[in-house]
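Data block below; observations after.
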Amino acid sequence: MNLFIQEIPASDLSPKTIQESPLPDKDPLIARGLQKEQYIGIVGLAIIVVAAVGFFSRRVENAIIFAFILSAVFIALFLLL
């Protein structure tokens with residue numbers, strides 16, 4: 001069978017036709033409405049990590065808390081500028 005002789009079926013659409021992409025609101029891969037739960041989970045995990053580290057070393061716990069506060073200040077500063 002010679003593939004070069006076979007005809008390729010023409011497309012239903014002309015080459016100049018533009019198709020629209022689906023609306024972004026209907027994207028099934030984007031989880032909508034879960035941001036609040038994610039933030040609560042992240043804050044809870046951070047508290048658990050600080051408490052676990054503080055159980056072993058008070059100095060390291062204070063350093064982690066200081067780093068969190070300093071990071072929050074820098075993030076707020078850069079977002080407002």
Side-chain angles (χ1 to χ4, degrees):
M1 179 164 113
N2 192 350
L3 295 177
F4 295 112
I5 298 176
Q6 292 179 352
E7 288 186 23
I8 299 173
S11 174
D12 293 337
L13 302 173
S14 67
K16 295 181 183 177
T17 304
I18 298 174
Q19 291 182 348
E20 292 183 13
S21 59
L23 296 174
D25 293 341
K26 298 179 181 179
D27 191 358
L29 297 178
I30 297 176
R32 305 246 183 237
L34 295 178
Q35 289 86 4
K36 200 181 307 181
E37 290 84 0
Q38 290 172 346
Y39 288 136
I40 291 171
I42 291 170
V43 169
L45 184 63
I47 290 171
I48 290 172
V49 167
V50 170
V53 170
F55 179 73
F56 295 109
S57 173
R58 189 73 174 164
R59 284 181 153 180
V60 176
E61 178 186 13
N62 290 338
I64 291 174
I65 291 172
F66 178 73
F68 280 147
I69 292 171
L70 191 63
S71 297
V73 168
F74 279 137
I75 289 170
L77 180 70
F78 288 133
L79 287 177
L80 294 175
L81 290 180

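Side-chain atoms are counted along with the backbone in the values below, which use heavy atoms only and exclude waters and symmetry mates.
For residues 33-53, the set of pairs meeting the salt bridge (Lys or Arg N to Asp or Glu O under 4.0 Å) definition, not counting sequence neighbours, is empty. Pairs engaging residues 46-57 under the salt bridge (Lys or Arg N to Asp or Glu O under 4.0 Å) rule: none recorded [sequence neighbours left out]. Legend: salt bridge (Lys or Arg N to Asp or Glu O under 4.0 Å) pairs involving residues 64-81, not counting sequence neighbours: none detected. Among residue pairs with one or both ends in residues 71-81, none qualify as salt bridge (Lys or Arg N to Asp or Glu O under 4.0 Å); sequence neighbours excluded.
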Tabulate below the donor-acceptor pairs under 3.5 Å that side-chain atoms of residues 40-66 make, not counting sequence neighbours, or state none.
from	atom 1	to	atom 2	distance (Å)
S57	OG	V60	N	3.4
R58	NH1	E61	OE1	2.9
N62	ND2	R58	O	3.4

Side-chain atoms of residues 67-77: list all donor-acceptor pairs with protein atoms under 3.5 Å, sequence neighbours left out, distances to 0.1 Å.
from	atom 1	to	atom 2	distance (Å)
S71	OG	A67	O	2.8

